[in-house]
Amino acid sequence: MPMAQVPNWIPAAPELFIAVMIMALLMFGVFQKHQSAADEVRTAGYVSNLSVTVLALGILITIAFSGDRVEIFNNLFVTDPFAVFTKVLVLIGAGVTIIMAQSFLVRHKMARFEYPILILFAVLGMMMMISANNLMALYLGLELQSLSLYVIASFQRDDARSTEAGLKYFVLGALASGMLLYGMSLIYGFTGSTDFVQIAQSLSKDAADGPGLGIIFGIVFILAGLAFKVSAVPFHMWTPDVYEGAPTPVTAFFAIAPKIAALALFMRVMIGPFGGLVAEWQQIVVFISMASMLLGAFAALSQTNIKRLMAYSSIGHVGYALIGIAAGTEAGIQGVLIYLSIYLVMNLGTFACILCMRRGDQMVELISDLAGLGKTHKMLALAFTIFMFSMAGIPPLAGFIGKLYIFMAAINAELYALAIVGVLASVVSSVYYLRIVKIMYFDDVTDSLDRPVEKSIGWILTLSGLFVVVLTLIPGPIMDSAKIAAASLFAG
Amino acid sequence: MIEALAFYMFASITVAAGVLVISVRNPVHSVLFLILAFFNSAGLFVLLGAEFLAMILVVVYVGAVAVLFMFVVMMLDINFVEMRQGFLQYLPIGAVVGLILLVELAVVVGGWHISPEVVAAGAAPTPDAASVTNTQALGQLLYTHYVYLFQAAGLVLLVAMVGAIVLTHRKRTGVKKQVIADQLARSAAQSVKLVKVETGKGI
């Protein structure tokens, strides 16, 4: 019997490192003495700090082992600059949300060491999704991510809303996985392979008489499953309920890391195996993009709960990101990557602000609770204002650059209708972003929020605020790396 | 000839048992029919030459899953008769949906065309059945070509385990646990008391 060779695992070093550290941290947490509640809080603190370190080292390893496109593990796993770029975004998002969560978890008596570990599991799943080069690898990464997210959503298990959020997310997520799998099986049946490169090859072979009906069916089902994971209309129903019900730091994590990973997967699947069929899937992506932008803009107008508002806002942002994918060009993908980096920072800042909304150690979630913030918390209100202006896409701030690149890509790809709808939706959505600013500065103080703002959250606010303001002046690094990343996706 | 007979026997019993699973009134009977269906599908796998899958089906599905169902059916107080009410009411619309799906599937399958190169480029060609047993063939693929997927599946299971513990395990106060060290440390002097009882009187 021939001996198998040890696979070349070096390109997968970040994933392997995180996987090994997860198990080490799990053992560390389990074997600590937990005699009192204080012990548990202490262990949770240790594990949470260590997880942030692991994620930071993960970023270093990801960058250190970055290079040209390499396929390993029998072509199941691929690394390229695109994967490196999106993985770094996911790792930053997850690390910062763990830091933000620490004091919230202690205050709500749910500081348990499993929380950062489940986040690490989700991050590992996301990295596997981003690096997937095969339908099977894609599915396993996606399930690893989703299962961890379902558990984190209902982490506050004594709270009915949190459990409801977890259950809803689970049931609808399972449905989406089913659709995705059905689509994959059709694609496998009609192309004879689950490998992305081979699918692309076999699709290009029968390009002469157009793809078969079965292929189109498969793509539609895969698109439906992916659209659910990025919460694009019409598969967005779960988003407001899950975002509102889950504990606030969990909502922050949901709005950032899984969105980025799922959009990265969306790009990899659409440009990779189905890159030759742009004409077939473009109209679908254009439709879900328009619908997401419009729903995100109009449904958010009547919201009173800030977490629900952020849910609709994130649906809208996914709509904008999908414009770049719909363009199907290198410039479009570069635009999406820039948009996602800015989206990451804006959301980190906004959720840091939302985590400061407490009164007498209780979280308050109504937008009206922000009344008079401009008088009582000057700096917090200033930061909140910057993020809201940036989300609305008002010129000197980062949000504007993101939208600019996306719309330019759409116009260059001659998707004029999509660009026009995007600009109109952007105008409508600025109404509710600016309403928050108006409430903070012009409404009367009813009851002041707690002081002072925690130190770690203060730092997050300062750094992300600076990023949003300064990016226009020095956009170089992000633009360049996004360009390289986008180019690598098309080279494969 | 005998093979064809065996196939029809296994296949017809599987289908009949499957129908009975959803149609009998008593949930315990329906689990038993499920087990029958599993055994017969295992027989079908043997006929196909997939002994490993056949054995896994018996060990995992009959041994673990069906027994678990039995526990759930017997321990939860669910009124299945009530749950099945309205079945007839929803039957027409269900049938329509099923019919539409069937027509759609027929259309998709009708458009089936695969270039011959695609068939040749199978992801992992099956080894010659005469040279390796199918357990060995599975193992050779699973632990070499697909080792990444194998490990990833392991991680998914680990998440499921951690998740189940996180969501359901709680520390209960006042639970009496057996501590062997404490039991061994007890001496006769601590636990036995000699009392002098006078005749004709109680304690």
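Chain identifiers are assigned alphabetically (A, B, ...) following the order of the sequence lines, protein sequences preceding nucleic acid strands; residue numbering begins at 1 within each chain.
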note = To the nearest 0.5 Å, atom CD1 of B:Ile165 lies from atom CZ of A:Arg112 at 11.0 Å

request  = Identify the two heavy atoms, one from B:His145 and one from A:Asn74, that lie closest to each other, and give their separation to 0.1 Å.
outcome  = CD2-ND2, 3.0 Å

query = If every non-hydrogen atom of A:Ser154 is compared with every non-hydrogen atom of B:Leu167, which pair is closest and at what distance?
reply = O-CD2, 3.5 Å

note = Residue from A:Asn134, A:Ile152, A:Leu118, A:Leu76 scoring the most non-hydrogen pairs under 4.5 Å with chain B is A:Leu76

inquiry  = So A:Gln145 and B:Val156, do their side chains get closer than 4.5 Å, heavy atoms only?
reply    = no

query = For A:Gln156, is it the side chain, the backbone, both or neither that has a heavy atom under 4.5 Å from a heavy atom of chain B?
reply = neither

request  = To the nearest 0.5 Å, tell me how far B:Met161 CE sits from A:Leu26 CG.
outcome  = 7.5 Å

inquiry  = Using a 6.0 Å cut-off, check whether atom OH of B:Tyr61 has over 12 heavy atoms from anything other than its own residue.
reply    = no

inquiry  = Over 60° means perpendicular and under 30° means parallel, so tell me whether A:Phe73 and B:Tyr148 are parallel, tilted or perpendicular.
reply    = parallel

ask   = Which atom names give the shortest non-hydrogen contact between A:Leu140 and B:Ala152, and what distance separates them?
value = CD1-CB, 4.0 Å

query = Take atom CD in B:Glu3; do more than 12 heavy atoms of anything else shown fall under 6.0 Å from it?
reply = no

query = Near A:Phe17 CZ, under 6.0 Å, is it more than 12 heavy atoms from other residues, nucleotides or ligands?
reply = yes

remark   = Checked A:Tyr150, A:Tyr139, A:Phe121 vs chain B; the most non-hydrogen pairs under 4.5 Å come from A:Phe121

Taking every non-hydrogen atom, the tightest pair across A:Arg157 and B:His169 = NH1-O, 2.7 Å

ask   = Counting heavy atoms not belonging to B:Leu101, are there more than 12 under 6.0 Å from its CG?
value = yes

remark   = Correct closest heavy-atom pair for B:Val162 and A:Glu114 would be CG1-CG, 4.3 Å

Residue A:Phe170 excluded, over 12 heavy atoms near CZ under 6.0 Å = no

task = Could you tell me the separation between the CG atom of A:Leu144 and the CG atom of B:Leu158, rounded to the nearest 0.5 Å?
result = 9.0 Å

request  = Check each atom of A:Leu124 against the heavy atoms of chain B and say whether the ones under 4.5 Å are side chain, backbone, both or neither.
outcome  = side chain

